[in-house]
Amino acid sequence: LQQMAKSSAPHKPKNSAINASRLMKYSRARIFQRKAAYKVKKVKTPAKKSAEKAAAAAFVVKKIGGDKNGGERKVYKKTPKSLPTQVASRKVQLRPKKTFKKHVRRIRSNLAPGAVLILLAGRHKGKRVVLLKQLESGLLLVTGPRKLNGCPLRRVSQRYVIGTKTRIDISKVALPERLNDAYFRRQRSAKKSAASAGGSADIFAKSDAAYAVSAERREDQAAVDKALMGAIKASGDGPMLRSYLRSLFSIKSGQRPHAMPPRRRISGFNRRLLAYALAALLVFACLTVLNLSQLPASVANDASLVAKHDRESHSLGQSAHIAWRLQSNRLYEHRGHEGLPDFRPANSDQELRIRDLLDAGWPPAELYATTTNSSNFNKGFALEAGLHDSYVAMSSFAANNKERRLLPSNASQRILSQLERLTGQAAVSLVSEFPAGSQMKLLLQLDAGTGGASVVFKPRVYDRDRVMTGSVVAGRDRDNAEVVGYHLGRLLGFHRGPVASPRLLNLTAASLAATPRLRETFYRRLSDNRLCLWGVCRYCTGRRTGVCAGPDEVLEGVAVLMLPHRLALKRHRHPWARNYASNDAKAAWQLGENPCNSQLLSRLGPGVLLDLIDTSILDFLLGNADRHEFETAAGIGGQQLVVTLDNGKGLGNPYHDELSILAPLQQCCRLRTSTNSRLLALQGLLGAATQAALCRSGASSLPSSGPLLTLEHSAALDRRLDRVLRELDKCNRRLGPAAVLVSDD
Ligand SMILES: Nc1ncnc2c1ncn2[C@@H]1O[C@H](COP(=O)(O)OP(=O)(O)OP(=O)(O)O)[C@@H](O)[C@H]1O
Ligand SMILES: [Mn+2]
């Protein structure tokens, strides 16, 4: 029994792996010892090969004639000179061979029979031809028709054509059966075929027969041309189509092939083109009347016909392509407007008050007009010619005016909206580093059509709900603070900041349009292969400081319109600047000094001090404690007005109100009456009114990263406005309102 139990005990392996690795506890040599394998006798297996067989393989026996020759002889086989070193592997065919014959022939969807194509290669390039059908080989069968532009029945690869939208109904055009690939195969010359056939061709013979069109081709061409001309006539647009097919396709400088389909709007270019066309037709008509018509047909037809027929949807040329890719309105379409729902005021009373506040001249019905609908959105996008020029003129006019604004108070909402759209959406032609300041910015040169406008682009670095803690100037710039600052400034009636709009930047296209120095800072993030850049600036120190585009290669941020050079900005140290040397160190104004009557301020005049107090209110509302310097624009008679550039450090912490920002108001106790009345009017609805203003400009619903002004920041605006009014009350009680409030003129 014991014996049985022993034999049924499970076999325990002698070797095992070290903690689940593939490394074994004992080596092979050690196991050889432990198994006592050396005791096992090796058994030699006998060779199975039969001697007979081996011998047979070694020689052959041949019969030998003659009596004394032994009758037969063993002829040993020669051993080969070299032996194979490897067993020849059999080739495995994994999938059936795909011969050209078996290739799938695909055709671009817009290349239907009857379509008018533009040939891009070959002897007939530039001509417009009619597509008849696709042949077995995949090549397209086209013809001019020959009668119109000299292009005969021909085969062409679809790679070398642009399809237009123009179609001719060719269902009644019967094509001869024999029009197949063999028909068009190149004919070998008689000389060559004779030589290759091994015949006794005379190699010195001169008879290199010139190519002659065969009779059958003539016949077919005539038949197809006749039928096709009939189809053109039957289309009801005969004369136009005929001269269209006769004319050559061409692109003039400044004309973008991709912009040819006028999508939903007539671009400035197409409008100009139509004007030229009308002028050309007029001249043509006059000449005809005067019987002086020597003009070639193409002059008159080209412009008008291009406008009517060429709806080419293919882009050519890289620079044009870049401009197209950068056109943000397309990016918005691409993103599908997944932004915010529109702002709705809490009650009708609030709504009425907001409406009163927003600038006059704005149709109330449009106040909350939906901006999420793309067709609405594109409506009126066409930039007014000279918009930017008038902006430059208006701003310098306004600065010279006693109004002390960057745009006159009567500037229409329409112009402002267009400027906002231009800033946020006009196509970009060049992307370069921005020389001033310390944070990463890009200078985007806008399309020439905008009259030389350029914008400063600040990328989005943080999520919208990020709360900045620590120092009051902690963190990098917030792009949304620029947009909110611009609208808030307008609501408060200042309008001394440049127009700012949210903007989407396609980084792939931007890298192509970037200056070499900037381009060097583009890279792909290793973790997710996103396209990023770190830019050129004081704080730009490599990938650590880079910003990355989203999965669609689009970088979000804000565009701030560059102020015109004509404003001749001057930079001054801010009298209420903080001490940046250390967190605790206090500046002189925090230690009892009062800068209200400082030398700088008395030199710049009383207007500048009042501007700075206005600005401090704006900054307190936004929570921007970083106004270390300020800029002034030259106004009338050497007067300066303060410009509010750089609100980037606003919207940091919605739960903290940094009262020290209000120091100019607290210490000087002065305020413009206009600002005072605006503040009173906005009490209790500043957050809502700012949301409405953002909404009205379409700014709040565009980027997909969430609202530009979060609910927390919106609430902070109202809370802080109350605080400003309380501080003002203190001044009034101390000095009396007559001493505090300063009339505007
Ligand atoms: N829209 C604009 N129009 C004209 N000049 C501008 C504009 N934006 C910026 N600048 C110029 O560039 C300078 C730097 O811009 P900005 O203050 O926004 O950069 P920053 O990196 O925040 O600088 P800092 O670190 O000093 O705060 C401005 O002081 C101004 O002179
Ligand atoms: Mn800054």
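As the structure lists them, so they are numbered: ligands from 1, and atoms in each ligand from 1. Everything quoted here is computed from the prediction, not taken from an experiment.
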Check ligand 1 against [X] and write out every atom of the ligand that is under 4.0 Å from a heavy-atom position of the residue.
X	answer
Asp477	22 (O)
Val560	1 (N)
Gln439	21 (O)

(Q) Please check if the number of heavy atoms outside Arg525 that lie under 6.0 Å from its CZ is greater than 12. (A) yes
Proximity to ligand 1 by part of [X], non-hydrogen separation under 4.0 Å:
X	result
Leu561	backbone
His628	side chain
Glu631	side chain

To check your reading of the model: name the closest protein heavy atom to [atom], its residue, and the distance in Å.
atom	value
atom 13 (C) of ligand 1	Ala436 CB, 3.5 Å
atom 23 (O) of ligand 1	Gly437 CA, 3.3 Å
atom 24 (P) of ligand 1	Ser438 OG, 3.6 Å
atom 22 (O) of ligand 1	Asp646 OD2, 2.9 Å
atom 18 (O) of ligand 1	Lys458 NZ, 2.8 Å
atom 10 (N) of ligand 1	Phe434 CZ, 3.8 Å
atom 6 (C) of ligand 1	Leu645 CD1, 3.8 Å
atom 3 (N) of ligand 1	Leu563 N, 2.9 Å

Anything under 3.5 Å between a donor and an acceptor, one on a side chain of residues 659-672, the other on a protein residue two or more places apart or in another chain? List them.
residue	atom	partner	partner atom	Å
Ser660	OG	Arg578	NH1	3.3
Ser660	OG	Arg578	NH2	3.0
Ser660	OG	Glu658	OE2	2.6
Gln666	NE2	Glu727	OE1	3.0
Gln667	OE1	Trp576	NE1	2.6
Gln667	NE2	Trp589	O	3.4
Gln667	NE2	Glu593	O	3.2
Arg672	NH1	Asp611	OD1	3.0
Arg672	NH1	Asp614	OD2	2.9
Arg672	NH2	Gly607	O	3.3
Arg672	NH2	Asp611	OD1	2.9

If you measure from each heavy atom of [X] to ligand 1, is any distance below 4.0 Å?
X	answer
Lys441	yes
Glu629	no
Arg571	yes

(Q) Minimum heavy-atom separation for His487 and Leu694, please, with both atom names. (A) CD2-CD2, 3.5 Å
Q) Going by atom types alone, do Glu420 and Ser501 pair a side-chain donor with an acceptor below 3.5 Å? A) no
Q) Looking at Lys458, Arg460, Lys441, Lys649, which one forms a side chain to side chain donor-acceptor pair (under 3.5 Å) with Asp477? A) Lys458
Short question: side chain of [X], backbone of [Y] - any donor-acceptor pair under 3.5 Å?
X	Y	value
Asp463	Asp465	no
Tyr486	Val560	no
Arg421	Ala426	no

Q: Mind jotting down which residue pairs meet the ring-ring contact (aromatic ring centres under 6.0 Å, His included) criterion with at least one end in residues 654-673? Sequence neighbours excluded, please.
A: none
Q: Go through the steps for Arg466 and Asn653 under the test side-chain hydrogen bond (donor to acceptor under 3.5 Å, both in side chains), then give the verdict.
A: CA-CA 8 Å; Arg466 171 71 169 264; Asn653 185 347; over 6 Å; no
Q: Quick one: list whatever passes ring pair (Phe, Tyr, Trp, His ring centres under 6.0 Å) with Phe630, sequence neighbours left out.
A: His572, His574
**Q.** Note: Arg571-Glu629 ion pair, threshold 4.0 Å (strictly below)
**A.** yes
Q.
For Arg524, is there an ion pair with Glu553 - N to carboxylate O distance below 4.0 angstrom?
A. yes
Q: Please work out whether the ring planes of Tyr523 and Trp534 are parallel, tilted or perpendicular, with thresholds of 30° and 60°.
A: tilted
(Q) Below 2.8 Å, which protein N, O or S atoms neighbour the Mn ion (ligand 2), ignoring water? (A) Asp646 OD2
